[in-house]
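A short worksheet on the structure shown next.
Naming convention: chains lettered A, B, ... in sequence-line order (proteins, then strands); numbering from 1 in each chain.
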Protein chains: 2
Amino acid sequence: MQQQFNEVQIPDLLLPLLPASPGSSSDDYEGPFKFKILIDQHRTRNSWIYSPILNKVFIRVADPFPIDFKWNPQVNNLYVRATPLFSQPQHAQELVTRCIPHTRATYETNRDVPQYIWDHVIRCQSVNAEYYGNKEEKRHLNVLVPLGVPRTGMNTVRLLYSFMCQNACHTGMNQKPFEVVFTLEDEGGTVYGRKKLSVKVCSCPKRGKEKEENDFFKKMSFHGAALPNKRRKTKKVGKKSFTVISALDTRQYTAKIRTSSKQNLIFLLKRAYNIMAGDLLRYGPNEELEDCLYDLEKQLGKL
Amino acid sequence: MQQQFNEVQIPDLLLPLLPASPGSSSDDYEGPFKFKILIDQHRTRNSWIYSPILNKVFIRVADPFPIDFKWNPQVNNLYVRATPLFSQPQHAQELVTRCIPHTRATYETNRDVPQYIWDHVIRCQSVNAEYYGNKEEKRHLNVLVPLGVPRTGMNTVRLLYSFMCQNACHTGMNQKPFEVVFTLEDEGGTVYGRKKLSVKVCSCPKRGKEKEENDFFKKMSFHGAALPNKRRKTKKVGKKSFTVISALDTRQYTAKIRTSSKQNLIFLLKRAYNIMAGDLLRYGPNEELEDCLYDLEKQLGKL
DNA sequence: GTACAAGTAG
DNA sequence: CTACTTGTAC
Ligand SMILES: [Zn+2]
Ligand SMILES: [Zn+2]
């Protein structure tokens with residue numbers, strides 16, 4: 001049930017509305033090259049899961065994760081740097097490094113890998129990847145990759161990243177959430193664009209996503225347990241009709257849309273959800289909006 | 001409820017009936033010096049818990065654990081060696097060593113401790129403790145301590161041990177259960193006696209003990225879920241009377257004992273439990289005995 | 001002492 | 001995917 005909700009696929013056109021990290025979207029900027037990162041969540045058979053609402057990827061350790069980079073105009077001497085940083089302000093200055101056991105020569109993922117890479121949580125599969133930062137000098141570890149140019153017929157360049165420690169690694173990240181900051185740079189290190197992506201590396205990506213999305217909704221609807229009483233009833237007439245209450249301008253509009261199939265109903269509910277989720281994130285906390293989202297969540301949960 | 005049952009204090013006279021490790025008591029032998037290890041479970045304020053039925057100590061990492069050693073006749077040039085070994089046969093030959101993070105210089109429990117001790121899961125607080133074994137040569141790590149002579153008026157020597165890794169330490173014991181083999185030796189390494197004690201080092205000793213004792217009872221009473229139907233009813237007349245069914249000779253004897261206080265009732269129930277637990281362990285699986293034990297467990301659980 | 005989090009086995 | 005284990009926070 002809740003699961004179904006989590007399968008929501010946000011249309012690409014809505015993606016730009018979602019901040020890199022909820023509440024701190026101001027850190028993102030596309031800059032003169034309209035720098036974008038795209039996550040191909042429609043691909044099935046992914047071993048990872050992306051939560052658009054959290055702008056967060058849930059992935060297993062060492063699994064390859066593709067990111068498509070987009071920039072315009074197409075100059076060919078740009079680089080993208082991926083730097084992991086702890087998300088919580090109180091830990092933001094701590095270095096994100098691999099844990100002690102994962103940093104050992106005997107660990108299988110370090111075999112045939114140069115030692116200076118062992119400490120890096122983020123690896124990029126590109127042969128041109130260069131690893132920067134220094135644990136002793138307290139400079140954040142990161143990996144820099146030349147973007148080159150998109151293959152003919154494409155307007156993006158895809159890179160494969162992998163995360164070499166779990167968030168739970170005791171002597172490493174030790175449960176602290178982190179995000180990857182992608183910066184578009186030139187050879188001189190000048191930054192032209194920045195995009196953030198939160199990541200959770202764990203054994204059960206699906207479980208983690210569901211948990212964190214639920215927490216997010218609970219936090220958003222800060223009236224918590226009081227909500228169920230306030231919830232508007234969904235009328236069930238004929239096939240199925242449903243109520244959408246918009247709060248963009250404080251007034252509420254009710255949409256009654258008789259849908260022709262369950263699939264269409266779900267599609268519409270999700271669509272409505274995504275639109276209002278975008279609004280919520282752009283305009284900040286708003287009780288009416290949260291009510292609508294909560295309502296939709298419950299409706300989707302029951303389907 | 002179950003808790004109360006676990007508070008059972010087995011009288012000292014019953015202790016010898018309990019094997020060092022259920023099902024493998026033959027590995028224990030007292031030898032010419034009648035070598036014994038005694039665990040002072042009556043002492044309150046212990047940070048650790050001992051399960052007589054499992055012959056197992058549940059303890060937090062690095063907590064001091066006292067063991068009283070007893071031998072006769074009283075010669076004064078004997079030593080006791082403590083060697084941790086994995087309990088499961090398929091792991092028995094693997095070395096029990098500390099995990100990678102706990103083996104680092106930066107770990108606080110290694111401060112001011114010679115490096116050759118860092119690998120040892122078992123430490124002894126005695127200044128005369130000597131650490132043997134070798135990880136590279138695959139010789140089991142152990143700690144050897146001269147026993148000296150009991151203080152005047154005592155017939156035992158107390159040593160304090162501590163366990164420097166948790167069973168759960170990923171890169172160390174990694175959840176595998178282990179036991180400590182105590183051997184009574186002379187200067188030449190000749191072994192005169194051997195006693196085993198299972199140990200679980202964890203964050204919640206009480207929880208661990210309850211869990212493992214329950215598992216043990218479930219395994220013992222292999223008829224499992226069928227038992228509740230077969231359970232004899234406890235008659236409640238006057239104060240409280242209870243039924244004890246002995247199975248030593250296959251026939252069942254019912255004891256109806258009217259007790260004068262709840263405390264006395266509990267004492268009697270526990271006593272009965274311990275007697276039959278000893279029988280069970282000496283004579284092996286026996287349905288009637290297990291029924292009686294199960295009955296008593298339930299009765300104690302309700303008090 | 002309870003509830004949660006997250007790796008793990010089946 | 002479910003259930004269990006076990007460290008951890010409150
Ligand atoms: Zn790690
Ligand atoms: Zn350890």
Side-chain angles (χ1 to χ4, degrees), chain A residues 1-4 6-7 45-49 51 54 56-63 87-88 90-91 98-102 107 163-178 198-216 218-219 224-225, chain B residues 1-7 45-49 51 54 56-63 87-88 90-91 98-102 107 163-178 199-216 218-219 224-225:
Chain A
M1 26 183 305
Q2 186 56 25
Q3 226 163 298
Q4 211 163 5
N6 287 317
E7 296 300 320
R45 289 251 139 266
N46 283 339
S47 62
W48 46 269
I49 311 180
S51 166
L54 302 169
K56 189 162 186 171
V57 172
F58 298 78
I59 189 168
R60 288 194 194 81
V61 70
D63 271 8
S87 308
Q88 298 159 308
Q90 67 269 35
H91 298 297
R98 286 181 96 191
C99 70
I100 293 166
H102 281 154
Y107 192 67
F163 303 94
M164 306 311 293
C165 260
Q166 308 200 88
N167 278 68
C169 279
H170 288 134
T171 53
M173 297 187 273
N174 195 24
Q175 309 284 11
K176 294 190 286 293
F178 76 100
S198 292
V199 175
K200 176 166 187 173
V201 190
C202 58
S203 298
C204 307
K206 198 163 196 166
R207 178 174 63 178
K209 173 173 179 274
E210 284 168 22
K211 169 71 173 58
E212 293 198 18
E213 286 186 338
N214 280 341
D215 288 353
F216 176 75
K218 282 196 200 104
K219 213 178 72 182
Chain B
M1 24 183 307
Q2 185 56 24
Q3 227 163 296
Q4 210 162 5
F5 164 70
N6 289 317
E7 297 300 320
R45 290 250 139 267
N46 283 340
S47 61
W48 47 268
I49 311 179
S51 168
L54 301 169
K56 188 162 187 169
V57 172
F58 298 78
I59 190 168
R60 289 193 194 80
V61 69
D63 272 7
S87 307
Q88 298 159 308
Q90 66 269 36
H91 297 297
R98 285 180 97 192
C99 69
I100 293 166
H102 281 153
Y107 193 66
F163 303 94
M164 307 311 293
C165 261
Q166 308 201 85
N167 278 66
C169 281
H170 288 138
T171 54
M173 297 188 273
N174 196 23
Q175 310 285 11
K176 295 189 287 288
F178 75 100
V199 175
K200 176 165 187 174
V201 191
C202 58
S203 297
C204 307
K206 198 162 196 167
R207 177 174 64 180
K209 173 173 180 276
E210 285 168 22
K211 168 69 172 60
E212 293 199 17
E213 285 185 338
N214 279 341
D215 289 353
F216 176 74
K218 282 194 200 107
K219 214 178 71 183

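Protein atom NZ of B:K206 is 19 Å distant from nucleotide atom P of D:dT5, rounded to whole Å. To the nearest angstrom, P of C:dT2 lies 9 Å from CD of B:E210. In this structure, CZ of B:F58 is placed 10 Å from P of D:dT6, rounded to the nearest angstrom. Regarding B:H102, its NE2 atom lies at a distance of 11 Å from the P atom of D:dG7, rounded to whole Å. Rounded to whole Å, the distance from NE2 on B:H170 to P on C:dG7 is 8 Å. What separates CZ of B:R60 from P of C:dG1 is a distance of 10 Å, to the nearest Å. A:M173 has its CE atom 18 Å from the C1' atom of D:dT8, to the nearest Å. In this structure, the NZ atom of B:K176 is 16 Å from the C1' atom of D:dT5, given to the nearest Å.
Of the residues near DNA chain C, B:C204 and B:N174, the one whose nearest nucleotide (by heavy atom distance) lies more toward the 5' end is B:C204.
The shortest non-hydrogen separation linking A:R60 to A:S47 is NH1-O, 3.5 Å. Shown here for B:E213 and B:S51, the closest heavy-atom pair between the two residues is OE2-OG, 2.6 Å. Scanning all heavy atoms of the two residues, the minimum distance from B:I59 to B:W48 falls at CG1-CB, 3.7 Å.
For B:Q166, no side-chain nitrogen or oxygen approaches OP1 or OP2 of D:dT6 to under 4.0 Å. Under 4.0 angstrom from either OP1 or OP2 of C:dA5 there lies at least one side-chain N or O belonging to A:K211. The phosphate of D:dT6 has OP1 or OP2 within less than 4.0 Å of a side-chain N or O from B:K200. At least one side-chain nitrogen or oxygen of B:Q175 sits closer than 4.0 Å to the OP1 or OP2 atom of D:dT6.
In this structure, the side chains of A:E212 and A:P177 stay at 4.5 Å or more apart for every pair of heavy atoms.
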Which atom pairs, one a donor and one an acceptor, fall under 3.5 Å between side chains of residues 165-174 of chain A and the rest of the protein, sequence neighbours left out?
{"unit_1": "A:Q166", "atom_1": "OE1", "unit_2": "A:S203", "atom_2": "N", "d": "3.4"}
{"unit_1": "A:Q166", "atom_1": "OE1", "unit_2": "A:S203", "atom_2": "OG", "d": "3.4"}
{"unit_1": "A:N167", "atom_1": "OD1", "unit_2": "A:V201", "atom_2": "N", "d": "2.7"}
{"unit_1": "A:N167", "atom_1": "ND2", "unit_2": "A:K176", "atom_2": "O", "d": "3.1"}
{"unit_1": "A:T171", "atom_1": "OG1", "unit_2": "A:I100", "atom_2": "N", "d": "3.1"}

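With hydrogens and angles ignored, a donor-acceptor pair under 3.5 angstrom links the side chain of B:R207 to the base of D:dG7.
In the set C:dG7, D:dG7, C:dA5, D:dG7 carries the atom at the smallest distance from any side-chain atom of B:S203.
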